[in-house]
Amino acid sequence: MRRSNVIRYALEQYTSYRVPNIQCAQSVWYTQSTNNTFAVWRRRVHCSTALAQKRPERVQLSSVRFPQLKRGDFARVTDRDLQVFERLVPSRVLTEPDDIEGHNVDWSGTCRGDGQVLLRPKTTEEVSAILRYCNGRRLAVVPQGGNTGLVGGSVPVFDEVIISLSLMDKIISLDEISGVLVCQAGCVVDKINGALEPHGLMTPHILGSKGSCQIGGNISTNAGGLRMLRYGNLHGNVLGVEAVLANGDVLDCLSTLRKDNTGYDLKQLFIGSEGSLGVVTAASVLCPRIPGAVSVALLGCDSFAQVLQTYDAAKTMLQEILSAVEFMDRASMEVVQENLQLTCPLGAHSYYVLVETSGSNAAHDEEKLNSLLGYVMENGIVGDGTVATEPSKVQSIWALRENVAVALRRDGCVYKYDVTVPMSRFYDLVADTRERVGTDVTRVVGYGHLGESDIHLNVTCPQHSDEVFDALEPWVYDWVAKCKGSVSAEHGMGILKRDYLYHSNTGPAVLLMKQLKKLMDPKGILNPYKIFPD
Ligand SMILES: O=C(O)CC[C@@H](O)C(=O)O
Ligand SMILES: [Zn+2]
């Protein structure tokens, strides 16, 4: 190991300081001593705080969760590596802590890594060259899209090299007739929709984070989102993927065909595997037509049984024009009102159901939604409701639901659980959690994708509390496993859920996953520490 890296390593491992500038550390070291003992370092660093910055908390919730987690047996980035990176992606190698900070911490501020290098490739060939080199050197990497993930999957855990895909944002082709779009992985969903709109098309998925999440990240996490009920998930809508393997080989599975039964469907391996088997660099996506009319109804219910009756009535009465059924409890409606000053058009109810239709005839869909509203009101299923057809009103109702996560963040510390449970138990988890944590928390909220039985249980506190955290985990995941639910409905495993992989998968299934990982990434450099428990 180079002397400068010995210095950095000693500082990082054994003290609470980090070296912002390796030159500076070198001069301290060389003038100080030839006796490279830990004690020398501690003394030197503590009396030279001008030369070393206090290290920010490396990991917040994830360090509480994984106090024993050890850095893997990977090489550390040297000055020579930096020179090679500079050759591979000229002027797109970032090492300044301020430039990297936003890439080291996840959206919710829960997981913080300590990456020292950020690479910004523009082409598949550059990604290939980076991975070939990192694999040869045994340097761990973390691929990163818009960094909007919620399970700590897109940030480093230790000092993994961050490969940001954000400059790979070209739309490659669009076939208007078939609706197949081919684009690079770093395209932001809103940008794709902007390009599709003039052609009367849209992405099959839409998420609250659509303004910053990238298609490659969506694919790598198999992100679900708000349109899944209607259009299905990305396993069905992604027709092809181009991915760079750990050794730098480019796997071109960028088919644009809807039907292709020629052997194993390898692209599926990259959908939802969180960058652990390869880096997705481009994709072909089947895009549906923009519906002629989008309308919504917001309905207030006072018991969960009524919520289920509402859902049933919506399916029966709206049939094929039904495109989303979303759920919010009173606490989640309150948080968007209190923290974001959004206005709910209904009075206070225990639960709210948002029903969206996407049809071809606005008047017809409005009539159908009004019939639904009439039916549920007359039968005492819904206490209050409203129908919106005008785009700005539709949008402001959607804003209530889409902004819950943003509003919760303002409470401080948020513990997030995205799980699938049987429909009949959908809200029991929230109610049981509320009882379990009592008044030690700011709020316990339940909201999510009722149509897919995906509940987002969120618990907030002003700051992290060991008591609250210990009350929640592993209890929440045990609860979900007992009713044969999934510990991750749509957010992936990342680092935060890795210990619970067996809760939703059998031993042989996890073994096969591990064998696949070993086969495709023998040195384990791709997004280490994620998905699998040790
Ligand atoms: O923050 C969450 O828990 C969920 C975020 C997202 O999946 C949503 O549906 O709004
Ligand atoms: Zn969601």
Side-chain angles (χ1 to χ4, degrees), residues 61 106-111 145-154 189-190 203-214 217-218 220-234 272 274 296 323-329 331-336 339-340 342 352-354 356 395 397-421 426-427 429-430 433 441-461 472-473 476-477 480 485-494 496-497:
L61 182 57
D106 71 346
W107 179 83
S108 65
T110 301
C111 298
N147 196 13
T148 55
L150 297 170
V151 287
S154 58
V189 169
D190 261 356
T203 54
H205 68 307
I206 199 82
L207 304 114
S209 56
K210 55 190 179 295
S212 44
C213 66
Q214 297 170 10
N218 296 162
S220 301
T221 54
N222 185 28
L226 306 161
R227 284 184 190 149
M228 213 187 113
L229 180 75
R230 174 67 163 269
Y231 300 104
N233 70 11
L234 292 174
E274 303 182 52
V296 297
S323 52
V325 183
E326 293 289 312
F327 169 83
M328 292 171 73
D329 67 0
S332 49
M333 188 60 87
E334 278 168 5
V335 77
V336 290
N339 290 1
L340 299 178
L342 300 185
Y352 299 86
V353 181
L354 188 161
E356 184 195 70
Q395 222 180 344
I397 291 181
W398 263 117
L400 295 164
R401 166 63 188 84
E402 283 186 342
N403 282 298
V404 182
V406 176
L408 287 165
R409 209 161 63 146
R410 301 211 175 168
D411 273 357
C413 174
V414 189
Y415 304 101
K416 288 185 170 294
Y417 302 97
D418 153 51
V419 298
T420 318
V421 294
F426 190 79
Y427 200 70
L429 175 61
V430 184
T433 303
V441 301
T442 308
R443 54 186 122 218
V444 176
V445 316
Y447 66 109
H449 314 286
L450 185 68
E452 295 97 55
S453 216
D454 171 4
I455 179 88
H456 296 323
L457 163 72
N458 280 232
V459 179
T460 70
C461 299
L472 291 169
E473 293 189 28
V476 168
Y477 294 120
V480 170
S486 168
V487 295
S488 182
E490 62 170 0
H491 295 166
M493 300 301 290
L496 292 182
K497 296 188 176 188

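Both ligands and their constituent atoms are indexed starting at 1 by order of listing.
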Exercise. Report the C-alpha distance between Leu429 and Tyr417 in whole Å, list the side-chain angles of each, state the deciding distance to 0.1 Å, and finish with yes or no for side chain to side chain contact (heavy atoms under 4.5 Å, CB included).
Key: CA-CA 10 Å; Leu429 175 61; Tyr417 302 97; 5.7 Å; no
Quiz item: Any non-hydrogen atom of Asp418 lying under 4.0 Å from ligand 1?
Solution: no
Quiz item: Is Asn458 near ligand 1, meaning one of its heavy atoms is under 4.0 Å from it?
Solution: yes
Quiz item: Any side-chain heavy atom of Val404 sitting closer than 4.5 Å to one from Met333?
Solution: no
Quiz item: Can you check whether Leu342 reaches Asn403 side chain to side chain, under 4.5 Å on heavy atoms?
Solution: yes
Practice problem: Verify side chain to side chain contact (heavy atoms under 4.5 Å, CB included) between Leu226 and Trp398, making sure each step is shown before the conclusion. | Solution: CA-CA 10 Å; Leu226 306 161; Trp398 263 117; 3.8 Å; yes
What is the nearest protein non-hydrogen atom to [atom], stated with its residue, atom name and distance?
atom: atom 2 (C) of ligand 1; value: Tyr447 OH, 2.9 Å
atom: atom 1 (O) of ligand 1; value: Lys416 NZ, 2.5 Å
atom: atom 5 (C) of ligand 1; value: Leu150 CD1, 3.7 Å
atom: atom 7 (O) of ligand 1; value: His491 NE2, 2.8 Å

With a 3.5 Å cut-off and no angle check, do the side chains of [X] and [Y] form a donor-acceptor pair?
X: Ser220; Y: Glu274; answer: no
X: Thr420; Y: Asp454; answer: no
X: Asp329; Y: Tyr447; answer: no

Quiz prompt | Option set Glu326, Arg409, Arg401, criterion heavy-atom distance to atom 9 (O) of ligand 1, minimum | solution = Arg401
Exercise. Using a strict 4.0 Å cut-off to heavy atoms of Ala405, name the atoms of ligand 1 that fall inside it.
Key: 1 (O)
Exercise. Provide the number and element of each atom of ligand 1 under 4.0 Å from a heavy atom of His449.
Key: 9 (O)
Practice problem: Apply side chain to side chain contact (heavy atoms under 4.5 Å, CB included) to the pair Leu354 and Val325, showing each step before the final yes or no. | Solution: CA-CA 6 Å; Leu354 188 161; Val325 183; over 6 Å; no
Quiz item: Which protein N, O or S atoms lie under 2.8 Å from the Zn ion (ligand 2), given by chain and residue number?
Solution: His449 NE2, His456 NE2, Glu490 OE2
Self-check item: Residue pair Met493 / Ser488: nearest heavy atoms and the distance that separates them
Solution: SD-CB, 4.0 Å
Quiz item: Can an N or O of Glu402 be found at a distance shorter than 3.5 Å from an N or O of ligand 1?
Solution: no
Quiz item: Val459 pairs by side chain to side chain contact (heavy atoms under 4.5 Å, CB included) with which of Val414, Asp411, Val441?
Solution: Val441
Quiz item: Hey, is Arg227 close enough to Glu356 for a salt bridge, meaning N to O under 4.0 Å?
Solution: no
